[in-house]
Number of protein chains: 2
Amino acid sequence: MAKRGVKLDYAYCLGKVIGAQGIADKELVDLSAKVAQVHQRLGEQRQAGDLGFMDLPDQPAQLLETILEEAARLSSIADDLVVLGIGGSALGATAVDMALKGALRYAQPAGPGGMRLFVADNSDPRFFGSLLDRVDLERTAFAVISKSGSTAETMSQFLVVKELLERRLGKEETLRRLVFITDPAKGNLRLIAKEEPVPILSVPPNVGGRYSVLSPVGLLPLACAGHDIQALLAGAGAMAEACASPELEKNPAYMLAALNYGFYQRGRNVLVMMPYATDLFGLAQWFAQLWAESLGKAQSLDGSTVNLGQTPVAAVGATDQHSQLQLYMEGPQDKLIMFLTLGNYGRDLSIPDLYPRIDALSYLGGRSLAELVQAEARATAAALASQGRPSYSLRLPAIGPEVLGEVIYLLELATVMTGGLLNINPLDQPGVELSKKLSYGLMGRKGFEAEAKQMRSLDAGDQYLI
Amino acid sequence: MAKRGVKLDYAYCLGKVIGAQGIADKELVDLSAKVAQVHQRLGEQRQAGDLGFMDLPDQPAQLLETILEEAARLSSIADDLVVLGIGGSALGATAVDMALKGALRYAQPAGPGGMRLFVADNSDPRFFGSLLDRVDLERTAFAVISKSGSTAETMSQFLVVKELLERRLGKEETLRRLVFITDPAKGNLRLIAKEEPVPILSVPPNVGGRYSVLSPVGLLPLACAGHDIQALLAGAGAMAEACASPELEKNPAYMLAALNYGFYQRGRNVLVMMPYATDLFGLAQWFAQLWAESLGKAQSLDGSTVNLGQTPVAAVGATDQHSQLQLYMEGPQDKLIMFLTLGNYGRDLSIPDLYPRIDALSYLGGRSLAELVQAEARATAAALASQGRPSYSLRLPAIGPEVLGEVIYLLELATVMTGGLLNINPLDQPGVELSKKLSYGLMGRKGFEAEAKQMRSLDAGDQYLI
């Protein structure tokens, strides 16, 4: 088992460090008792098979081999992999690929090895059309990822691509370029694959989309892109081990959850995730889904109406010091900030002392860009703390697959623990159905005539247009 | 003067459409009176020369010619332009370039014409190093953008690049590849250019960074990238004309401001901007700075402590229907959503009816991706409205430079009007100073010894680390 590298520094959450806005020792004691209770419930849920994501670090070697073989097959016939998927089928692969290959991974030259990974997470034809322009269809494979096989955006893209490929390459060559990732037993992609032989990988039924990055949903695209998925899982495993304790002060996932819960109860309805690395912006967007969709809920577990949930905001340091920091420093006391800092950036650039007579430049000479960005991260957290504004930091030793696996598992478990503290179900998403049904109504889908009518009654037309 | 194309649809903000959570007619009357008052104050401020951004649509032809000539010169010697700038010196150019060349603009092949535009808006060496890997230094120009010439991130990058270029190409060839955009009279870049002849363009002193995209700060990079900056300005001009009226119900910028202000007063401390186009995500990030930095303020104009400001969130439709919508539908009534919809996506893809016997797919056959995403936008706004959750839509006829100019001007004016309604100064950013100074302390800058000491006292070390 790999050694855990990621650490949680929560000093700037504490009353004894930042003053009255911080969490008092007594509150930590209360939180600790609550956490222990939820820990027990989570144990029961896991026993009952409801928390499938917790088992993903230890997937059967056989499954990993299948994934690696499929990735090798696709790599042998294609240079690019396009994921047709949205939400939980898209964000995890993007997060890890961006972290490891960089925010500028598509800019040539100088890209590292593996297939180029594109994630077609919008039905917007301007975006999807431009994506199709940029790949060579003969040398491109498509992973269609939808648990139900009825996701409108994904399935529309699949239909478009399938026709395009068949017209260009014929049926057999088309099927070779496809892989489905879907429910192990049911759904439209299973149905289609019965008549047209396309390789299929399964999403475990007890793993929801936003918790699925360490399942074939994320692992197949990431293996195609050349990433070390075994290291990713090993990192998740190391964090799982570190987060097995029911004791708040020994369990970073539970502490993170307790702090978020405690500050949310105090009216902090915004949670900013701000990694000090541009390449980790995708991770912040992945987390934004995890947090928003898991915890934004109308009903509590006892059926009462609660309408709660903290709004996640994805930011980047140092960039957003020049965009959002003014608000964080002076705006309402309605935010909690999660920083992600890097011990090592993997590379560095020295700053030369070219203008020794200009004060505002000469102090930079002899230092490095990593020193500068690390100083900025520390200074920003300290500046906030000096105003009684709470934050905590996940300290990452560096960016690599193990570390990403650790962070992913940590945040998934913290989310589920927070859901338990809030007494809501962090695994469902009932609120997205109405919008889907109204879309079906507008698109004339059979069986959704009532929604078409409802849509007409809701549409205000051009009455209030300036 | 171009005809205005962008319209504001605010039906789903109104009590008579969405119920008690909406704004009542009577409140609109009150808001209308407040807006008229602030309109008068803004007129005086403009007269006094404080609102420079309002004059940018009508810049002297001579200045535009200078910009176009400089862009032509850079294009003749380089294929790529790297902007060294952060915050307001970066976000505007990125927003417009991403909107017009696409989110996938760096992926080859099939990019449109003009120089590739990279924006180095982070001091993170992993990101900046990878950027430098991806350009050919001999064929790359660098625009250094900093009003003061002392922005630590930007100036560090400048020092790194200057040494790199000089070592590779010698001094003369290095200076040819540089352009400075800075204060017209003072600052370190002016100082440097006195001894080393680098072309300089000026930022008008009365235009702050986040309001500067239509000044040389945005226009030079955008002209280099091959965009029609005259069309951009013409669009801004058309919107300025449409927004000259003091009457709330005739002025889309004022209505947008009044709605945001009204809903903020009702406890909606989060404003989501959700364009239904991936390519407009950069615009949402540009807006996030404009809104956060302008309105997140500790003090009101009369000097009392207010600590106010709405937190902007950048989202994308339809993508975030599968990430954030659950929270928007079921979470707390603490949000207002600004949708951006497109009448025309500029291109479309037809969805073939390949599986007529599968209900969940056959309804899509014969429709197009644009029809689908447009239906989703309407359905999502309607679903929110059906739950008494307010939103408004900026309806864009299409994506193009005129339309972007319109949207930019509209949002800038709306921000300043909202600042007036909130009785704060939307043009300053005093809250970012402390973090900068603590950084200087950490970096050992002369004159910041007190901050170095303060930093040591604020640093909690490794005491609370799990």
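By convention in this document, chain letters (A, B, ...) are assigned in the order of the sequence lines, proteins followed by strands, and residues within each chain are numbered from 1. Being a predicted model, the structure only gives us computed values, none of them experimental.
- Residue contact with chain A, scored on non-hydrogen atoms closer than 4.5 Å, is absent for B:Lys437.
- Between A:Tyr355 and B:Lys162, the closest heavy-atom pair is OH-NZ, 3.0 Å.
- Most heavy-atom pairs under 4.5 Å with chain B: of the set A:Ser323, A:Ser386, A:Ala382, A:Ala383, this distinction falls to A:Ser323.
- Residue A:Glu249 touches chain B through its backbone alone, counting heavy-atom pairs closer than 4.5 Å.
- The shortest distance between side-chain heavy atoms of A:Lys7 and B:Asp462 does not fall below 4.5 Å.
- Neither the backbone nor the side chain of A:Gln463 comes within contact range of chain B; no heavy atom of the residue lies under 4.5 Å from a heavy atom of that chain.
- In terms of heavy atoms, A:Ile466 sits closest to B:Asn251 at CG2-N, 3.9 Å.
- Residues B:Leu458 and A:Tyr12 form a side-chain contact, since some pair of their non-hydrogen atoms from C-beta on lies under 4.5 Å apart.
- In this structure, CG on B:Leu295 lies 12.5 Å from CD on A:Glu330, to the nearest 0.5 angstrom.
- Atom CG in A:Asp320 sits 10.0 Å away from atom CD in B:Glu293 (nearest 0.5 Å).
- Proximity to chain A is absent for every atom of B:Ser294, based on heavy atoms less than 4.5 angstrom apart.
- No other option in A:Gly87, A:Ala152, A:Ala292, A:Gly209 has as many heavy-atom pairs under 4.5 Å with chain B as A:Ala292.
- If you measure heavy-atom distances from A:Arg367 to chain B, the contacts under 4.5 Å come from the side chain alone.
- Minimum interatomic distance between A:Arg134 and B:Lys101 (heavy atoms only, all atoms of both residues): NH2-O, 4.1 Å.
- Heavy-atom pairs under 4.5 Å with chain B were tallied for A:Leu354, A:Thr319, A:Val373, A:Leu342; the largest tally goes to A:Thr319.
- The part of A:Gln310 that comes within reach of chain B is its backbone (N, CA, C, O), which places non-hydrogen atoms under 4.5 angstrom from that chain.
- If you measure heavy-atom distances from A:Val272 to chain B, you find no contacts under 4.5 Å at all.
- Heavy atoms of A:Val432 lying under 4.5 Å from chain B belong to its backbone as well as its side chain.
- Evaluation of the salt bridge (charged side-chain N to carboxylate O under 4.0 Å, His left out) rule for B:Arg378 yields A:Asp459 as partners, not counting sequence neighbours.
- Highest contact tally toward chain A, considering only B:Met155, B:Gln324, B:Gln157, is held by B:Gln324 [criterion: heavy-atom pairs under 4.5 Å].
- Counting heavy atoms from C-beta outward, B:Leu434 and A:Gln387 have side chains that approach closer than 4.5 Å.
- Proximity to chain A is absent for every atom of B:Tyr392, based on heavy atoms less than 4.5 angstrom apart.
- Contact tally against chain A (heavy-atom pairs below 4.5 Å) for B:Leu191, B:Asn269, B:Asp334, B:Asn188: the top residue is B:Asn269.
- Legend: residues meeting salt bridge (charged side-chain N to carboxylate O under 4.0 Å, His left out) with B:Lys436, ordered by chain and number and at least two apart, are B:Glu433.
- Taking all atoms of both residues into account, the shortest heavy-atom contact from B:Arg347 to A:Gly129 is NH1-C, 3.4 Å.
- Contacts between B:Ile192 and chain A at a heavy-atom distance below 4.5 Å involve the side chain alone, from C-beta outward.
- Among all heavy-atom pairs drawn from A:Glu371 and B:Met443, the shortest one is O-SD, 3.9 Å.
- Heavy-atom pairs under 4.5 Å with chain A peak, among B:Asp121, B:Leu290, B:Val17, B:Leu325, at B:Asp121.
- To the nearest 0.5 Å, the span separating CD1 on A:Ile86 from CD on B:Gln321 amounts to 7.5 Å.
- With a 4.5 Å cut-off on non-hydrogen atoms, A:Phe448 does not touch chain B at all.
- Here B:Ile399 is the residue among B:Ile399, B:Leu364, B:Val270, B:Leu384 with the most heavy-atom pairs under 4.5 Å with chain A.
- Residue with the most contacts toward chain A among B:Val160, B:Leu104, B:Asp9: B:Leu104 (heavy-atom pairs, distance under 4.5 Å).
- The aromatic rings of A:Tyr440 and B:Tyr363 lie perpendicular to each other, with more than 60° between the two planes, well past the 30° mark.
- Across all their heavy atoms, A:Glu376 and B:Ser123 have their closest contact at OE1-OG, 3.0 Å.
- Between A:Gln333 and B:Asn307 the shortest side-chain heavy-atom distance does not fall below 4.5 Å.
- Interface check for chain A: of the options B:Ser362, B:Ala103, B:Pro430, B:Ala314, the most heavy-atom pairs under 4.5 Å are formed by B:Pro430.
- For A:Ser148, no part sits under 4.5 Å from any heavy atom of chain B, backbone or side chain.
- B:Leu14 touches chain A through its side chain: at least one heavy atom from C-beta onward sits under 4.5 Å away, while N, CA, C and O do not.
- To the nearest 0.5 angstrom, A:Thr278 atom OG1 is 5.0 Å from B:Asp124 atom CG.
- Contact of A:Tyr328 with chain B is not made at all, since no heavy-atom distance falls under 4.5 Å.
- Considering only heavy atoms from C-beta on, B:Pro312 comes within 4.5 Å of A:Leu327 through its side chain.
- At least one side-chain heavy atom of B:Val313 sits under 4.5 Å from a side-chain heavy atom of A:Thr311.
- If you measure heavy-atom distances from B:Glu451 to chain A, you find no contacts under 4.5 Å at all.
- The greatest number of non-hydrogen atom pairs below 4.5 Å with chain B, out of A:Ile358, A:Leu372, A:Thr380, is found for A:Leu372.
- When heavy atoms are compared at a cutoff of 4.5 Å, B:Val306 does not approach chain A at all.
- Between chain B and the options A:Gly102, A:Ser150, A:Ala277, heavy-atom pairs under 4.5 Å are most frequent for A:Ala277.
- Interatomic distance, A:Tyr464 OH to B:Tyr10 OH, rounded to the nearest 0.5 Å: 7.5 Å.
- Here A:Gln374 contributes atom CD and B:Leu442 contributes atom CG; the two are 11.0 Å apart, rounded to the nearest 0.5 Å.
- Heavy-atom pairs under 4.5 Å with chain B peak, among A:Ala11, A:Ala460, A:Gly447, at A:Ala11.
- For a residue to count as touching a neighbouring chain, one of its non-hydrogen atoms must lie under 4.5 Å from one of that chain's; by this rule A:Leu91 touches chain B with the side chain only.
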